Asks: 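Before I ask anything, here is the structure I am working with.
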2 protein chains.
Amino acid sequence: MSGRREEETATPLDQAARAAWLYYVGGATQDQIAAEMGISRQRAQRLVAKAVAEGLIHVRLEHRVSRCMELERALTRKYGLKRARVALSLGKGADPVKAIAPVAAEELERIFATPEPLVVALGTGRTLRAMVEEMRAIDCPQHRIASLNGNMAPDGTASAFDVIMRVADKVRARHYPMPLPLVAATPEERDLFISLPPVVRARALAENADVAFVGVGEMGGEPPLLKDGFLTAEEIGELRAQGAVGEITGWAYDDSGTYLQTGANARIAGVRLERVAEKLIVAIAAGAKKRAAIKAALKGGLVNGLITDEITAEALLS
Amino acid sequence: MSGRREEETATPLDQAARAAWLYYVGGATQDQIAAEMGISRQRAQRLVAKAVAEGLIHVRLEHRVSRCMELERALTRKYGLKRARVALSLGKGADPVKAIAPVAAEELERIFATPEPLVVALGTGRTLRAMVEEMRAIDCPQHRIASLNGNMAPDGTASAFDVIMRVADKVRARHYPMPLPLVAATPEERDLFISLPPVVRARALAENADVAFVGVGEMGGEPPLLKDGFLTAEEIGELRAQGAVGEITGWAYDDSGTYLQTGANARIAGVRLERVAEKLIVAIAAGAKKRAAIKAALKGGLVNGLITDEITAEALLS
DNA sequence: TTAGGTTGCGAATAATTGCTCATATGCGGC
DNA sequence: GCCGCATATGAGCAATTATTCGCAACCTAA
């Protein structure tokens, strides 16, 4: 068959989806796709590329590599974790977020598959955002999704890394965003913000969440808090001088995994996670830059779960 | 980095998984994979091919094409279905099972994601088997999985199309296989088989299942019942003469979707599904050969759900 | 209306991938 | 120890895919 016309309602994405389906599921060549869809060969190639670029195509590896499982066991033992997942690394040069995002998505899907209603709290950041993009859509109306920190960027717009909305969209669960900046201008402003009734309720839910998935921010190099304009270079320098090596939901902590009492921490509006035995707090982070931050969080018991990659896992164990 | 050695515990599948991960998730070329893993380029290519052949790599299309949704709505309306899914076709020449298996897997995963404990009954056959291979592993211990028919081939061995074990494996739910042939030698033997206590229990569970996923067998051409040696050509001819156009879990039915009272049906040991309003009975079938069988099952209300492909859906609507 | 810019297309070409074949590398049987 | 047999390997080549480039259509603003 050739020249089957797409119907009037076919959007560009529909076409891309069809081409990618024929390519990846059907195993057709681009020439065959072109013939099937009545388009040129290069258009078929462009449609397939578009489908991948738009995130229409999800690839999962359904095989646990023994090397990763060993590392998971070792991490669990060394740091007393409740859960550890180690993703295959993509090589030294590659962005480790690409490797851990699908694995984190898998773990979060596993959490949502739990029949008992849960409150799942989510942080923000590039890594979590990448995780969300890898998640499959599935209805889990029994759960509730809480935000751990505000989704407002310093300029007042909703942050581009909005995680909670996208997750809620995919699993169709109730969600409780926090209309807050990540960092307030002054400690007083912070106190004012978190005394607002809707914020009080949202924070209460997040504080009592059964499961939390958070990213880990580093203090060395170009910290996310600086890159995204939440703090200035001087403020970061000050935190560093006070011993900060990492940050979770904006809260800076030192080498031993103890939250700092001073500096910018007095202005963080988000929830500070405290480890409680029955809670699962999973850090999702990998990469050489984040190593010190992850290690401190594990040592101080700020988290009791970790999703990382091979290279980082090896470093954390040495 | 080049020449990172796989550790002593790396199986061939582990290597294949790593290569495929670098290829599909990391977007590396086979040359880069070869360098990273310290192997030759063609070995990298073979590993990637092996990972795909072994089913380690799962590809999903996360986009609902409007054309398919239209067809789903139309099928739902015309046949009064509770659920309809239409997969993009892979073109006239391709095996439609390849197209519907991933979509069926997605729907079954959706069923298993339900928080309330369910009894899920499964049929057998090539289509269901292909569906299982596409399923993701996820723990759903709240559900139970029942078999609708025996998994024994005519020669007494366990059938190669054993669906229930594989599903139970993937979702870690309790399962209740049926140690029975699909077709007994005589009606008396059938009655004897189904009076055995363990079989009585397994059948009772399957009959009261909340959800059933079944394949549809055709009577024209080379019917699965004949191909797999459950019935002889003469027996099939007899069924055909009695008006049989299709078969579900072995039970033959006619043009109007009414189960035959005679012939081989008296020797079928599996459960005959009766539509009950609160049950969801989903047929998973596509292809020109199965068209008459699917249409009759829909018309007669033997099923109230359907997963098929575009071409078949169009034919069922014309 | 026209200049400037943007987008989409096909052709050409470079890069990558898959296949075939000849050869090598064990491995069980004698 | 030696002989088939089966399996795995790398080289070379054919097929397929990705990218670049130039052109044309279309849109926008003067």
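Here the structure is a predicted model, which means the values were calculated and not measured. Every chain is numbered from 1, with letters handed out A, B, ... down the list of sequences. Because only heavy atoms are used, hydrogens play no part in the values below, and waters and symmetry mates are left out as well, while side chains stay in.
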Asks: When you measure from the side chain of B:Thr127 to the backbone N and O of B:Gly215, does any donor-acceptor pair fall under 3.5 Å?
Replies: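 Answer holds: no.
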Asks: Nearest whole angstrom, please: distance from the C1' of D:dT16 to the CG of A:Leu22.
Replies: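 Atom CG in A:Leu22 sits about 16 Å away from atom C1' in D:dT16.
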Asks: Side-chain contact, heavy-atom cut-off 4.5 Å: A:Glu107 with A:Arg110?
Replies: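 The answer is yes, as the side chains (C-beta and beyond) meet within the 4.5 Å cut-off.
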Asks: Answer yes or no: does atom CZ of B:Arg136 have more than 12 heavy-atom neighbours from other residues, nucleotides or ligands under 6.0 Å?
Replies: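 Yes, because the 6.0 Å sphere around CZ of B:Arg136 holds more than 12 heavy atoms from other groups.
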Asks: Residues two or more places apart in sequence or in another chain: which of them pass side chain to side chain contact (heavy atoms under 4.5 Å, CB included) with A:Arg172?
Replies: A:Asp139
Asks: Going 5' to 3' through nucleotides 11-26 of chain C, assign each nucleotide B (protein heavy atom under 4.0 Å from a base atom), S (under 4.0 Å only from sugar-phosphate atoms) or - (no protein heavy atom that close).
Replies: B----SBB-B------
Asks: In whole Å, I'd like the distance from the CZ atom of A:Arg43 to the P atom of C:dG8.
Replies: 9 Å
Asks: Scan side-chain atoms only and decide if B:Asp169 and B:His175 contain a donor-acceptor pair under the 3.5 Å cut-off.
Replies: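 No, no side-chain donor-acceptor pair sits under 3.5 Å.
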Asks: With side-chain hydrogen bond (donor to acceptor under 3.5 Å, both in side chains) as the test, pick out the partner of A:Glu72 among A:Arg67, A:Arg64, A:Arg83, A:Arg77.
Replies: A:Arg64
Asks: Whole angstrom is fine here: how far is it from OH in A:Tyr24 over to P in D:dT16?
Replies: 17 Å
Asks: Going by heavy atoms in the side chains, are B:Glu36 and B:Leu22 under 4.5 Å from each other?
Replies: yes
Asks: Counting only side-chain N and O atoms of B:Ser40, is one of them less than 4.0 Å from OP1 or OP2 of D:dT9?
Replies: no
Asks: Take atom NZ of A:Lys50 and atom C1' of C:dG8, then tell me their distance rounded to the nearest Å.
Replies: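 It is 11 Å, rounded to the nearest whole Å.
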Asks: Roughly how bent is the helix from C:dT1-D:dA30 to C:dC30-D:dG1 end to end, in steps of 10 degrees, with each end axis from five pairs?
Replies: 30°
Asks: Walk me through it: do A:Glu222 and A:Lys289 pass the test salt bridge (Lys or Arg N to Asp or Glu O under 4.0 Å)?
Replies: CA-CA 9 Å; A:Glu222 200 193 4; A:Lys289 291 176 308 183; over 6 Å; no
